[in-house]
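Worth knowing before you read on, the calculation uses all heavy atoms, side chains too, and leaves out hydrogens, waters and symmetry mates. In what follows, residues are counted from 1 in the order of the sequence shown.
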Amino acid sequence: MELFAWRLFIALNWPGRLPYPGGWTAERELKSLNARDVYPRWNSWYTPEQIYTSLNDDPDDDSPELDDPLGWSCHGDCLTDALRRGAGEASGPHRVVYDQNGQTVLYEVRLDDRWHETLMNALEAKASAPPTGATASYVDFRTGQCKSRGPDSGADTFDFVGTIAIKLAWKRLSEAESKSGRFLQRLASPRPSGPGAGDGKISLGLIGFHIMQKSKPYGDWIWSTFEHVDNLTPAEAPSGPSFNDPRCDASTCRPNTSKQVHVNGFAVCRTQITRVDPITPEVQKLNAQARDWLKSNNTVLQHYQLIGVQYKPHKGSKPEPATLRNSVIETYIVGSSASRGDAPRGPCDIEPVARSSSCLGCHREVQEHDFSFVPTLSLCNCEDKEKRWIGDRYCELLGVSSKCGDEAPARLTGGR
């Protein structure tokens with residue numbers, strides 16, 4: 001499973017060019033990442049906003065805009081600085097993650113064609129089906145099927161590819177970091193009211209990469225998660241870890257919390273992140289082999305590491321491993337609460353939440369409300385009034401009440 005995850009990570013980040021029209025075309029060599037007019041494979045995928053727009057019969061914005069000659073740009077709503085709130089946290093704090101420079105981490109979601117195809121087919125089937133009075137529907141995303149081994153090359157042949165979604169975490173890069181060649185980089189043009197507004201184009205470096213995919217014979221989602229090696233490891237980071245101050249003891253820098261500190265007379269927010277579960281020796285060994293191979297191919301991907309893979313070996317079995325956490329995407333989910341109770345709160349104090357660090361556990365437990373990290377209920381319970389106009393058909397498809405007011409949203413029957 002770990003080797004599968006590494007191959008998937010490399011395939012999704014394989015460089016290519018995106019001339020319009022014509023779609024994405026792969027480059028021959030990995031080293032062309034970060035080159036002019038070259039983009040990772042996933043950059044041709046949908047953002048959730050593009051999915052929503054397309055589902056509401058407005059397909060004009062299905063393709064990402066690529067108007068920056070020095071790199072690819074993120075426009076409009078594709079970035080957010082807020083971590084998703086968990087169940088029961090609707091009134092909780094605005095959870096963000098700060099690096100050691102006091103800059104907030106930005107997040108992005110991308111969905112492959114199977115997401116769009118599945119949801120569009122479900123909408124069409126729902127529209128053509130006779131009315132039954134039921135308020136719930138069932139969405140089943142396509143599972144990848146390996147048909148056979150190739151007769152000569154030994155390569156696998158496939159009936160079809162499984163559904164894939166990714167969540168990315170981005171760090172705002174300093175000039176030195178941008179020139180270091182250690183990060184998969186992009187430029188961003190945040191929306192006027194969003195994080196980074198007023199900064200113009202900002203340089204971002206990839207620091208976290210979540211992959212969820214469906215593949216037989218595993219009926220549930222397979223979760224693979226990667227991080228940049230500079231996130232927490234002093235030995236790797238030339239200028240020190242991006243999200244951990246090794247000089248700070250636990251009494252001053254409480255693990256996996258955010259607080260305000262004073263640096264050279266200036267107040268900044270910092271998150272002191274620690275790895276709750278160590279990377280297993282087997283994964284560390286594979287990481288070393290994969291990174292050596294990537295280094296020999298002179299690609300920036302050599303500076304990333306697999307944290308782990310979580311999946312269910314058999315239908316109905318418990319996830320293996322029991323816990324898995326990406327430190328910059330699931331920062332405050334550490335399995336125990338470290339709340340200070342009635343202690344005074346600073347302007348950027350953020351505490352951990354008492355919930356197990358588990359991809360399948362967390363997302364599967366709320367399956368009846370939200371089958372992934374793609375925001376759905378935010379469109380169906382009036383939390384995001386600006387997007388209400390694109391939420392109605394989406395909520396109807398998922399069997400969720402889209403009425404505002406005191407009525408609670410209906411529960412989904414499935415949604416896989």
Side-chain angles (χ1 to χ4, degrees), residues 6 9-16 27 29-43 66 68-74 78-81 97-110 166-190 195-196 199-211 224-244 270-271 273 275 287 290-307 326-329 331:
W6 259 113
F9 176 75
I10 293 170
L12 296 183
N13 286 288
W14 197 277
E27 294 284 285
E29 297 181 321
L30 270 171
K31 66 181 181 181
S32 59
L33 269 176
N34 284 348
R36 182 186 178 95
D37 297 331
V38 174
Y39 316 99
R41 177 66 185 89
W42 55 260
N43 189 56
L66 296 173
D68 195 311
L70 301 179
W72 77 92
S73 292
C74 170
C78 74
L79 291 175
T80 176
D81 62 355
V97 176
Y98 305 93
D99 67 10
Q100 292 295 295
N101 296 321
Q103 298 283 356
T104 55
V105 174
L106 301 177
Y107 301 94
E108 177 179 7
V109 170
R110 293 280 180 154
I166 59 174
K167 184 172 186 178
L168 307 99
W170 299 94
K171 166 184 162 61
R172 306 185 200 205
L173 298 180
S174 66
E175 184 177 356
E177 289 170 330
S178 184
K179 293 179 179 178
S180 70
R182 296 179 62 83
F183 294 87
L184 174 59
Q185 295 187 45
R186 74 180 308 174
L187 295 177
S189 301
D199 294 342
K201 284 187 170 64
I202 55 177
S203 179
L204 302 178
L206 183 69
I207 55 170
F209 199 88
H210 247 354
I211 310 171
S224 309
T225 195
F226 289 79
E227 291 185 29
H228 196 280
V229 295
D230 290 0
N231 285 358
L232 304 179
T233 310
E236 290 275 6
S239 302
S242 299
F243 298 93
N244 180 280
R270 284 181 175 175
T271 307
I273 302 179
R275 197 168 304 289
N287 283 344
R291 293 182 62 197
D292 282 346
W293 183 83
L294 291 166
K295 184 177 181 180
S296 70
N297 282 271
N298 194 27
T299 173
V300 70
L301 297 183
Q302 67 182 282
H303 300 297
Y304 294 86
Q305 61 181 341
L306 173 66
I307 306 304
N326 186 297
S327 69
V328 292
I329 296 177
T331 304

* Asked: Quick one: side chain to side chain contact (heavy atoms under 4.5 Å, CB included) partners of Ser239, sequence neighbours excluded?
  -> none
* Can you sort out the partners of Gln100 under side chain to side chain contact (heavy atoms under 4.5 Å, CB included), two or more places apart, ordered by chain and number? => Asp245, Arg270, Gln272
Calculate, to the nearest 0.5 Å, the distance between atoms [atom1] and [atom2] belonging to [X] and [Y] respectively.
{"X": "Lys179", "Y": "Leu173", "atom1": "NZ", "atom2": "CG", "value": "13.0 Å"}
{"X": "Ile273", "Y": "Asn244", "atom1": "CD1", "atom2": "CG", "value": "8.5 Å"}
{"X": "Leu33", "Y": "Leu294", "atom1": "CG", "atom2": "CG", "value": "10.0 Å"}
{"X": "Trp42", "Y": "Asn13", "atom1": "CH2", "atom2": "CG", "value": "7.5 Å"}
{"X": "Ile166", "Y": "Phe226", "atom1": "CD1", "atom2": "CZ", "value": "12.0 Å"}
{"X": "Leu106", "Y": "Leu168", "atom1": "CG", "atom2": "CG", "value": "11.5 Å"}

* salt bridge (Lys or Arg N to Asp or Glu O under 4.0 Å) involving Lys295 - partner list, sequence neighbours excluded -> none
* salt bridge (Lys or Arg N to Asp or Glu O under 4.0 Å) with Arg182: which residues, sequence neighbours excluded? -> Asp230
Could you report the tightest heavy-atom contact between [X] and [Y], atom names first, then the distance?
{"X": "Ser203", "Y": "Leu187", "value": "CA-CD2, 4.0 Å"}
{"X": "Val97", "Y": "Thr331", "value": "CG2-OG1, 3.3 Å"}
{"X": "Leu301", "Y": "Ile10", "value": "CD1-CA, 4.5 Å"}
{"X": "Gly181", "Y": "Val300", "value": "O-CG2, 3.4 Å"}
{"X": "Asn326", "Y": "Gly208", "value": "ND2-CA, 4.2 Å"}
{"X": "Asn231", "Y": "Ile207", "value": "ND2-O, 3.0 Å"}

Can you sort out the partners of [X] under side-chain hydrogen bond (donor to acceptor under 3.5 Å, both in side chains), two or more places apart, ordered by chain and number?
{"X": "Ser178", "result": "Gln185"}
{"X": "Glu29", "result": "none"}
{"X": "Glu177", "result": "Lys171, Ser174"}
{"X": "Ser327", "result": "Glu227"}

* Where at least one partner belongs to residues 232-243, residue pairs that pass salt bridge (charged side-chain N to carboxylate O under 4.0 Å, His left out), sequence neighbours excluded -> Glu236-Arg291
* What do the steps show when you test Val105 against Tyr107 for side chain to side chain contact (heavy atoms under 4.5 Å, CB included), and what is the final call? -> CA-CA 7 Å; Val105 174; Tyr107 301 94; 3.5 Å; yes
* Report the residues that fulfil ring-ring contact (aromatic ring centres under 6.0 Å, His included) with Phe183, sequence neighbours left out, ordered by chain and then residue number. => His228
* To do: Anything under 30° is parallel, anything over 60° is perpendicular, the rest tilted; go ahead and classify Phe9 against Phe209.
  => perpendicular
Got a donor-acceptor contact below 3.5 angstrom from the [X] side chain to the [Y] backbone?
{"X": "Asn101", "Y": "Gln103", "result": "no"}
{"X": "Asn287", "Y": "Leu306", "result": "yes"}
{"X": "Arg110", "Y": "Asn43", "result": "yes"}
{"X": "Trp14", "Y": "Glu27", "result": "yes"}

* Heavy-atom side-chain contact between Pro15 and Leu30 under 4.5 Å -> yes
